[in-house]
Amino acid sequence: MLMLQSEADMDIRRHGRESYPEECCGALIGRDGSVVEAMRLPNLMGEEARRHFLVGPVEYQVAEKRATEMGGKLMGFYHSHPDHPARPSQNDLEQAWPTFLYVILAVQNGKPGTMTSWRLREDRSAFDEQTVAVT
């Protein structure tokens, strides 16, 4: 189960709405097993940002540093799916790392909708869905 504090939930939804029709992305910073901050990161995909997202190594390091400064850890990443369901794509599967959670927000016609959470299996064959609880 993914525990998501309400402010992080609102920040992800706001980011998805503001980035539409492109995918937004960001880091999930956690403490005590709960996501306490959704840290916006730039989507480095350029012209392909409508259907893909990319977090670069510098942005990854910035997220790790932020988590350390907060006394927490980098739990995973979030991104939006503009005008598509909140389910992992083949590209999401190919780019994911088993140790992280991946939150996907469906944004239909600019309006944030369903939010889901996924964890990649150790063998990298598929994702398993995690329940999202907003606290």
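With a 4.5 Å cut-off on side-chain heavy atoms, Y78 and L105 do not count as touching. No side-chain heavy atom of R87 sits less than 4.5 Å from a side-chain heavy atom of T116. Residues P82 and E22 are not in side-chain contact: their nearest non-hydrogen atoms beyond the backbone lie 4.5 Å or more apart.
A donor-acceptor contact closer than 3.5 angstrom is absent between the side chains of S6 and D9.
Following chains of ILVMFWY side-chain contacts shorter than 4.5 Å, one can reach L101 starting from V132, so the two form part of one hydrophobic cluster. A continuous path of hydrophobic side-chain contacts links V55 to Y102 [ILVMFWY only; heavy atoms under 4.5 Å]. Residues M75 and F100 are members of separate hydrophobic clusters, defined by side-chain heavy-atom contacts under 4.5 angstrom among Ile, Leu, Val, Met, Phe, Trp and Tyr. Residues L2 and M115 share a hydrophobic cluster, clusters being chains of Ile/Leu/Val/Met/Phe/Trp/Tyr side chains in contact below 4.5 Å. The cluster map of Ile, Leu, Val, Met, Phe, Trp and Tyr, joined by side-chain heavy atoms under 4.5 Å apart, puts L41 and M45 in different clusters.
Between H79 and F53, the angle of the ring planes stays under 30°, which puts this pair in the parallel group of the 30/60° scheme.
Put simply, NZ on K73 and CZ on R31 are 13.5 Å apart, with the number rounded to the nearest 0.5 Å. Distance check: Q130 CD to L4 CG gives 13.0 Å after rounding to the nearest 0.5 Å. Atom-to-atom distance recorded for E23:CD and H15:NE2 is 11.0 Å, nearest 0.5 angstrom. How far CZ of R119 is from OG1 of T99: 8.0 Å, rounded to the nearest 0.5 Å. Note that CD1 of I104 is 12.5 Å distant from SG of C25, once rounded to the nearest 0.5 Å.
Checking side-chain atoms of D92 against main-chain N and O of S89 turns up a donor-acceptor pair under 3.5 Å. Between the side chain of D11 and the main chain of M39, no donor-acceptor pair closer than 3.5 Å is present. A donor-acceptor pair under 3.5 Å links the side-chain atoms of N43 to the main chain of L54, judged by distance alone. The closest donor-acceptor contact from the side chain of S80 to the backbone of C24 lies under 3.5 Å.
Taking a 6.0 Å sphere around CD of E7, one finds it holds 12 or fewer heavy atoms contributed by other residues, nucleotides or ligands.
Nearest heavy atoms, A27 versus F77: CA-CD2, 4.0 Å. The minimum heavy-atom distance between W97 and L120, with the atom names listed, is C-CD2, 3.8 Å. Contact between L74 and Y60 at its shortest, heavy atoms only, is CD2-CE1, 3.7 Å. Here the closest heavy-atom approach between residue A63 and residue I29 is recorded as O-CD1, 3.6 Å. In this structure, F127 and A96 approach most closely via the heavy-atom pair CZ-CB, 3.6 Å. Between P85 and H81, the shortest heavy-atom distance links the atoms O-ND1, 2.9 Å.
Within the structure, every pair that satisfies the salt bridge (charged side-chain N to carboxylate O under 4.0 Å, His left out) test and touches residues 32-55, not counting sequence neighbours, is listed here: E18-R40, E37-R66.
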